[in-house]
Each structure stands twice: as structure tokens, then as C-alpha cells.
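Take a look at the structure below.
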Amino acid sequence: MTSETYRNPVLDADWSDPDVVRVDDDFYLTASSFGRVPGLPLLHSRDLVNWTLVGHALERLEPAAEFAAPRHDCGVWAPSLRYHDERFWIFWGDPDRGVFQINAPRIRGPWTRPHLLKAGKGLIDACPLWDEETGEAYLVHAWAKSRSGVKNRLTGHRMRPDGTELLDEGKVIVDGDRIPGWFTLEGPKLYRHDGWFWILAPAGGVETGWQGAFRSRGFFGPYERRIVLEQQDTEVNGPHQGGWVRTPSGEDWFLHFQQRGPYGRVVHLQPMRWDEDGWPVLGNDGAPVAVHRRPDLPPQPPAAPATDDDFPGGRHGRQWQWTANPGEGWATQHSADGLRLTCLRSADAHDLRRLPNVLTQRLPGKPCTAEVELRLDSDEPGARAGLAVLGDAFSWIGLQRGPDGTAHLVHRFAESVAEAERDAAHPRLAPEGRARLRIEIGAGARCRFSADTGDGFRPSGPVFAATPWRWVGALLGLVALAPAGQGHAGTATFTQFRVTPV
């Protein structure tokens, strides 16, 4: 690879269901955030290859009470990002509530509170379109069978141009059941181009499917179709669900995801052109590219969403998300570096998957080492804190206060079917109540745990294979907790969080 080329994936972590828009010389991307908070990540690029995380559009999930506990496969599904009338707009489907919309004058906000545009179960993957020629507005969405009993179809509506109301009951505009061989049609992105209404939508399932294109002279159809991107003889399984963007010089590009097991849905960039019949051709004649010429855009320095954090003043960086809506006093701001987490009391202390107060970031897609320094500032028996790999199964290493006040290094895990954690290694004394914790993440997200309690790093327990949640890749997490009871249970301080490629 040279300075004139790029290599996929361009975002090698779980930036699920990406959508992209260009405003002048800037490109912006958002992605699914499901039940994590804050939601709707906002990424920025000048060259479509190097991306940085600049914020989130959704401070809390609503209704707040429903997301006070983890709901890992709920919340924000497959958002669409658009720029219209000098405002940014994001539409998404909450599979349990309906289609929501927010908007803002600038990408960093302030964003409006979520507006429920269409209530209902199973309404997902919503995308708007403002027709600049006619002034009319439209909305298309897909269906989740788990909530509605319906899937494999796309429903279209007319919409008020201000995005506040739908103007009809909706009509099925593409029925995948009527297309031989097609199933799980979802993730539509709606465009107007060359006199056609275009829907770019995948089908066939996230791990094995393909990217389709549909076009019609009228929004409500009938639509012609083609498969425009599929695995063919490449290693990119199920190239799936993304957005089209055009550069200032007129080049067309398509960003989509690839499902990679515990790493989640990593993001690829495909070249895009139009054939003699006016259909889009993605990648290398419909096959995903691994390496390709960079977009014709000004060169940019290498960049990627942040991972490292010194937690200045007790504040965490944008890359971190809680597993539910955060509560007051979970983290304490102070004058030095370091993340000071309260050891929250919980009856679910035996199962990290049930805890809302796990601070997480995405598991990197390439082999790396994650490290953090921990000090347990709690005398409460059973208080504990540590560094975790979290998914349907989880494992964590950290410190726990014993009944006699001594601190121990502990390493625990739970299988996906287990209801409580077990020891992954025998506890050992941590005399100073401090430890440097390390997880070496190798090929296939196989994780080796170790810790330094003052006598150098020593390995702990067997290799742990990270697993995803239902729609979410595995996560790195920091947590502090204590058994159920009364009164303040102390704090834990994390410093110098580092992720180092290996």
C-alpha cells in the first residue's frame, strides 16, 4: 500500500450500519449505537479514509426509565444522516418504539430532543429524502420480524418537509418476498439521481448477504432491481448496508459494513461508478476491494477514532459509552488525571452484562494490547473494580476488597449461558491496593489476561475468546461496583488507559 492508496476496512472496529453525508469539503458519518449512551456517534473526515470521532447526537436514550438498565439489542438501529435546509438531520428506528428524528444547525449540535415521527413495533432503518426539484419529502423504512412479525419489505411514506409528520398510512414499495431468492431486505438509503428515485438496500443477512439497488421514476414504484455488490471470491463476507456520497470533484463512493464476529461491523470504502444503463457499479465490478486508489481529495494526515485516555480532570473521552443511561455520581470530576468511578452497589454484581455502569469502548479490529492502571479506594468488603472484555460471554481482571480489608487481584469470567461469573484464576494478594491490568487481544479476538501488582506482569487464567452481543461487537470496559447494601462503598481510580497495536 502506498500514500496514493488505502486499505479496507477504513474503520476497523464496530461502527455498525454507517451512513454518510458531505457538506462542502467535510464528510460526516453516523452509526448504530443500540443501547449504549451517549448514542449516535458523529465522525468527521476530509478524505473518506481517515476519520475522527467528534461527538454524539443523542445524550440519553428515551424513555429514560426503560434504558436505566442495559438493553444491548434495543435503542438506536441503523440511523440515516442527511443535510437539508442548512440543518443536519438524523432519522432512526427504535424497534420497540418507532421512527425518531433529531436535527441540529451544526454537527456538534445543539441537537433537538428525539421527535417520534411514526409510532409502532418493528419499524427500523428509517431514511428520509427531500426532493429538491419538487419540494416534496419522503420516508422509507424496513421491518424487524422480532417485533412486528414482518420482514423483507420496505414501506414508503410522504412526509411533511419539516420532518415532523407523515402524510399517509404508508405503502409497501418493495416486497422482497416477490423477488426470487431475496430475503431479509432491510437498511434502505433513499436518493434522487438522474431522474430516478434510488433505494440502496442490502438483503440476504448481515454475514452472507449482498447490496442491492432499486430504481423507479416514481417514489411509490414500481422498482427495478440489481445486485451491485457481493462477496464473490473475496474475503469480505456479506458486504452490507451503507451510504453513497459524492466528492466535490464528482467522484462517487460507497461506505458499508462487514460483519466480523466479535469485532462487530467494520466499515469499508468502495469506489462507485455508473454503467451505460445508469446503474451503480460498486467496488471492482461488483466485488469489494481490499486496496484501492484514494479518493481525489486533498491529502490528510493519518487519523482514527481515539482509544487512549488519561481522563484529565476525571472526564472520559468521547470514545467511551455507558451500557445504559448514566446516573448521578457515577464518575467524580477532580483536579488531577484519572477516572474516579463510584463503586456502585448492585444485586447484579455477579454479572457485568446486567450492569448499567460499565464504561465501554469498541474492541479494536486488529491485534493489540489494552492496559490501565487501577487503584481501589474502597474499604468496603466485596468492593471491586477492573478491566473487562464484554459480550454474550465476558471476562474481567481487577481488584477486590476482602472481608479483612486486604485487596486481592481477581480474574473472573462467565460463559454466554452462565448466570453468574466464576474465577478464571486463583485470587492473589495486591498489597498496595493497586495493579496494572493488561489484556493482549490476538487473532480471532482471543484474549490473554495479565496483571502487575508490584512484582512485574504475571499471566492470569486461560485464553478467553471474546464474543459479540446479538447485534454488537465485543467491548472493552471499565467497571467499579460493590454488593448490595447501604451507604457509600468508595471509589476506584483508573489512569493511563492505553491501546497499543501489536
Side-chain angles (χ1 to χ4, degrees), residues 9-18 28-45 50-61 70 72 75-76 79 107-109 257 260 262-267 301-326 330-331 333 337-341 356-374 386-391 437 439 441 445 466 468-469 472-480 493-501:
V10 293
L11 283 166
D12 200 0
D14 186 27
W15 302 95
S16 177
D17 312 318
Y28 301 101
L29 181 148
T30 192
S32 295
S33 49
F34 299 100
R36 301 195 301 280
V37 182
L40 288 170
L42 302 168
L43 289 85
H44 170 255
S45 178
N50 295 286
W51 294 88
T52 57
L53 179 64
V54 297
H56 291 80
L58 195 60
E59 290 186 6
R60 299 177 72 83
L61 289 166
H72 301 297
V76 177
I107 195 69
R108 291 174 174 83
F257 76 76
R260 289 193 59 222
Y263 301 111
R265 300 174 180 183
V266 303
V267 178
T307 54
D308 296 356
D309 206 341
D310 288 322
F311 309 108
R315 297 173 177 86
H316 56 78
R318 298 186 182 100
Q319 67 268 33
W320 298 95
Q321 296 170 290
W322 300 100
T323 46
N325 282 332
W330 287 12
Q333 295 181 7
D337 287 351
L339 178 70
R340 188 178 297 164
L341 295 182
N357 59 309
V358 186
L359 191 62
T360 68
Q361 64 168 276
R362 292 161 178 81
L363 188 75
K366 288 186 174 64
C368 63
T369 297
E371 285 190 20
V372 70
E373 182 91 21
L374 168 63
L387 171 65
V389 175
L390 193 59
L437 310 173
I439 305 175
I441 305 160
W469 269 312
V472 181
L475 301 165
L476 293 172
L478 303 176
V479 65
T493 301
F494 296 88
T495 54
Q496 297 180 346
F497 183 88
R498 297 288 183 269
V499 175
T500 306

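Position 1 is the first residue of the sequence; numbering continues from there.
Taking each heavy atom of His72 and Val472 in turn, the nearest pair found is O-CG2, 3.7 Å. The two residues Gly55 and Arg318 have their closest heavy-atom pair at N-CD, 3.5 Å. Closest of all the heavy-atom pairs between Arg36 and Thr360 is CD-OG1, 3.8 Å. The two residues Ala466 and Val389 have their closest heavy-atom pair at CB-CG1, 3.7 Å. In terms of heavy atoms, Leu29 sits closest to Leu11 at CD1-CD1, 4.3 Å. When all heavy atoms of Phe494 and Phe311 are compared, the pair lying nearest together is O-CD1, 3.5 Å.
For Gln321 (side chain) and Val37 (main-chain N/O), no donor-acceptor pair under 3.5 Å exists by modelled atom type. The backbone N or O of Asp14 lies less than 3.5 Å from a partner atom in the side chain of Arg362, making a donor-acceptor pair. Not a single donor-acceptor pair under 3.5 Å links the side chain of Thr493 to the backbone N or O of Arg340. One N or O on the side chain of Gln319 and one on the backbone of Thr307 form a donor-acceptor pair closer than 3.5 Å. Side-chain atoms of Asn50 do not come within 3.5 Å of backbone N or O of Ala304 as any donor-acceptor pair. Using modelled atom types, one side-chain atom of Thr30 and one backbone atom of Pro41 make a donor-acceptor pair closer than 3.5 Å. Of the possible polar contacts, one joining the Asn357 side chain to the Ala480 backbone as a donor-acceptor pair under 3.5 Å is found. Proximity of a side-chain donor or acceptor of Arg265 to a complementary backbone N or O of Gly473 within less than 3.5 Å is not detected. Side-chain N or O atoms of Asp309 include one that pairs as donor or acceptor with a backbone N or O of Gly317 at under 3.5 Å.
Contact of the Asp337 side chain with the Pro312 side chain is registered, since non-hydrogen atoms from C-beta on lie closer than 4.5 Å. The shortest side-chain heavy-atom distance between Trp15 and Val10 does not fall under the 4.5 Å cut-off. Residues Val499 and Pro364 have side chains in contact (heavy-atom distance under 4.5 Å, counting atoms from C-beta outward). Using a 4.5 Å cut-off on side-chain heavy atoms (C-beta onward), Leu363 and Tyr263 make contact. In this structure, Ser32 and Pro79 have side chains that are in contact, with non-hydrogen atoms separated by less than 4.5 Å. The closest side-chain heavy-atom distance from Tyr28 to Leu42 is not below 4.5 Å.
You'll find the ring centres of Trp322 and Trp330 inside the 6.0 Å limit.
In this structure, CH2 in Trp320 is found 7.0 Å from CG in Leu476, a value given to the nearest 0.5 Å. From Leu374, atom CG reaches atom CG of Leu437 across 5.5 Å, with rounding to the nearest 0.5 Å. In this structure, CG on Asp310 lies 15.0 Å from NE2 on His316, to the nearest 0.5 angstrom. Summarising the geometry, atom CG belonging to Leu390 is positioned 11.0 Å from atom CG belonging to Leu478; distances are rounded to the nearest 0.5 Å. With values rounded to the nearest 0.5 angstrom, Thr369 atom OG1 is found 7.5 Å from Ile441 atom CD1.
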- Message: Please evaluate residues Trp469 and Leu475 with respect to the criterion side-chain contact (heavy atoms from CB on, under 4.5 Å), reporting the C-alpha separation (whole Å), side-chain torsions for both, the decisive distance (0.1 Å), and the verdict.
- Response: CA-CA 9 Å; Trp469 269 312; Leu475 301 165; 3.4 Å; yes
- Applying side-chain contact (heavy atoms from CB on, under 4.5 Å), run through Val372 and Leu339 and close with a yes or a no. CA-CA 11 Å; Val372 70; Leu339 178 70; over 6 Å; no
- Item | Evaluation steps, side-chain contact (heavy atoms from CB on, under 4.5 Å), between Phe497 and Gln361 | CA-CA 11 Å; Phe497 183 88; Gln361 64 168 276; 3.3 Å; yes
- Could you give me the CA-CA distance, side-chain angles and deciding distance for Glu371 and Thr500, then say whether side-chain contact (heavy atoms from CB on, under 4.5 Å) is met? CA-CA 8 Å; Glu371 285 190 20; Thr500 306; over 6 Å; no
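No more than 12 heavy atoms of other residues, nucleotides or ligands lie within 6.0 Å of CD in Glu59, so this atom counts as exposed by the packing criterion.
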